[in-house]
Undergrad: 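My questions all concern the structure below.
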2 protein chains.
Amino acid sequence: MTEHPEFNVLTATCPSRTSLARIANKWTAMVVSALGDGRLRFSDLRTTVDGISGKVLTDTLRELERDGLVSRHVFAEVPPRVEYELTPLGHTLHAPLRALGDWAEQHIEEVLTARETFDKRR
Amino acid sequence: MTEHPEFNVLTATCPSRTSLARIANKWTAMVVSALGDGRLRFSDLRTTVDGISGKVLTDTLRELERDGLVSRHVFAEVPPRVEYELTPLGHTLHAPLRALGDWAEQHIEEVLTARETFDKRR
DNA sequence: CTGCATCCCAGCCGATACTG
DNA sequence: CAGTATCGGCTGGGATGCAG
């Protein structure tokens, strides 16, 4: 019922691939995961997603907003306050992206071991 | 039980982030999805993942092999034949990555509409 | 505080040519 | 067929400075 057989990410020219390129991205995964519990202002997002630069966070949020995954709320205050929140569409992506982060955390030891073995054989 | 609270991808220096960086990638998502149904040789993978260049496919497979997600099987034949297959660890990642591709296909119309709206307002 | 503008570097990625 | 090597363009991404 929710199938769209006419779209296929494995086809180079399919527009869905441009969407995949945005969501299959480490910064997107971390930002969307961080927004899963509710609204966050820019500076809190910056500290939650440790190590992200201001430029990259801005760019990532702007693209997510463009794709309709994140909404932006500006408050007319001094100093300025801007909060970001997942849209309903963005929420449907939260679990899948969170799953990637969870996978990385849960299997990191196996991955590190595999890397050691691989590098030793070279 | 399978929890590893000591690892957190949101921490910049956590090694799990290096793993996330590899799996949260459009080429990884497509290659792992393509390998979900079983072994594929290099050339078949190249045509299945439409538009991928030989260099990028080689690089992606090499990194996936290094992280223990993909195994490589070489046949002593002429012409050469090399097949790639998901490891048990790689299989645990298949569903999560497939979910991203499915999401992109199922929601592309909403995303395209959002982009139009966003771009029109600029 | 937010975020734009700029500069600049590193890495991704594609195209091509060449080997076993 | 399955690579490797090389080159070059493009983009991601960090640092800094400035404006609202």
Undergrad: Counting just side-chain N and O atoms, does A:Trp27 come under 4.0 Å of either OP1 or OP2 of D:dG12?
TA: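 Result: no.
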Undergrad: Of the options C:dC13, D:dC1, D:dA2, whose atoms approach the side-chain atoms of B:Asn25 most closely?
TA: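 Ranking C:dC13, D:dC1, D:dA2 by closest atom to the B:Asn25 side chain puts C:dC13 first.
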Undergrad: Is A:Thr58 close enough to C:dG3 that one of its side-chain N or O atoms is under 4.0 Å from OP1 or OP2 there?
TA: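 Negative; the distance criterion is not met.
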Undergrad: To the nearest Å, give me how far apart CD (A:Glu83) and P (C:dC1) are.
TA: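 From A:Glu83 CD to C:dC1 P: 15 Å.
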Undergrad: Please determine if A:Lys55 and A:Asp59 form a salt bridge, counting it only when a charged side-chain N lies under 4.0 Å from a carboxylate O.
TA: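 Salt bridge between A:Lys55 and A:Asp59, a charged N being under 4.0 Å from a carboxylate O: yes.
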Undergrad: Quick check: closest heavy atoms across B:Ala29 and B:Leu97, and the distance to 0.1 Å?
TA: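 Here B:Ala29 and B:Leu97 meet closest at CA-CD1, 4.1 Å.
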Undergrad: Would you mind reading off the distance between A:Phe75 atom CZ and C:dG3 atom P, rounded to a whole angstrom?
TA: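 Interatomic distance, CZ of A:Phe75 to P of C:dG3: 12 Å.
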Undergrad: Of all the nucleotides listed (D:dG14, C:dC4, C:dG14), which has the minimum atom distance to the side chain of A:Ser53?
TA: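 It is D:dG14.
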Undergrad: Is there a side-chain contact between A:Leu61 and A:Leu45 (heavy atoms, below 4.5 Å)?
TA: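 They are in side-chain contact.
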Undergrad: Please figure out whether A:Asp59 or A:Pro80 has its closest DNA chain D nucleotide nearer the 5' end.
TA: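 Between the two, 5'-proximity favours A:Asp59.
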Undergrad: Pick base, sugar-phosphate or nothing for B:Tyr84, based on heavy-atom distances below 4.0 Å to the nucleic acid.
TA: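 Here B:Tyr84 touches the backbone only, sparing every base.
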Undergrad: Among D:dG3, C:dT2, C:dC4, which is the nearest nucleotide to the side chain of A:Val82?
TA: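 Of the options given, the side chain of A:Val82 lies nearest C:dT2.
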Undergrad: Between A:Ser43 and C:dT2, is there a side-chain N or O to OP1/OP2 distance below 4.0 Å?
TA: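 So the side-chain polar atoms of A:Ser43 do come within 4.0 Å of the phosphate oxygens OP1 or OP2 of C:dT2, strictly under.
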Undergrad: Rounded to the nearest angstrom, tell me the gap between atom NZ in B:Lys26 and atom C1' in D:dG12.
TA: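 Atom NZ in B:Lys26 sits about 12 Å away from atom C1' in D:dG12.
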Undergrad: Starting from P on D:dA2, measure out to CG on B:Leu57 and report it in whole angstrom.
TA: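 Taking atom P of D:dA2 as the reference, CG of B:Leu57 is at 10 Å.
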Undergrad: Would A:Phe75 and A:Leu40 show up in the same hydrophobic cluster when neighbours are defined by side-chain heavy atoms closer than 4.5 Å?
TA: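 No, because A:Phe75 and A:Leu40 fall into different hydrophobic clusters, even though each may have its own neighbours under 4.5 Å.
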Undergrad: Measure from CD on A:Glu65 to C1' on C:dT2 and round the result to the nearest Å.
TA: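 So the CD-C1' distance, A:Glu65 to C:dT2, works out to 14 Å.
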Undergrad: Say whether, by atom type as modelled, one donor and one acceptor occur between the side chain of B:Thr87 and the main chain of B:Gly68 under 3.5 angstrom.
TA: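 Side chain of B:Thr87 to backbone of B:Gly68: a pair is present.
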Undergrad: Round to the nearest Å and state the distance from B:His73 atom NE2 to D:dG3 atom P.
TA: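 Going from B:His73 (NE2) to D:dG3 (P), I get 13 Å.
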Undergrad: Using a 4.0 Å heavy-atom cut-off, does B:Arg46 contact any base of the nucleic acid, only the sugar-phosphate backbone, or nothing at all?
TA: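 Contact class for B:Arg46: none.
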Undergrad: Which is more 5' along DNA chain D, the nucleotide nearest B:Leu61 or the one nearest B:Lys55? Just name the residue.
TA: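 In this pair, the answer is B:Leu61.
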Undergrad: Can you tell me if A:Arg72 touches the phosphate of C:dT2, counting only side-chain N or O atoms and a distance under 4.0 Å to OP1 or OP2?
TA: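 Answer no for this pair, as no side-chain N or O of A:Arg72 is under 4.0 Å from OP1 or OP2.
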Undergrad: Less than 4.0 angstrom between a side-chain N/O of B:Arg41 and OP1 or OP2 of D:dA2, yes or no?
TA: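 Yes.
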Undergrad: Taking CZ from B:Arg81 and C1' from D:dG3, how many angstroms apart are they, rounded to a whole number?
TA: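 Going from B:Arg81 (CZ) to D:dG3 (C1'), I get 16 Å.
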Undergrad: B:Ile52 CD1 to C:dG14 P: how many Å, rounded?
TA: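 Going from CD1 in B:Ile52 over to P in C:dG14 covers 7 Å.
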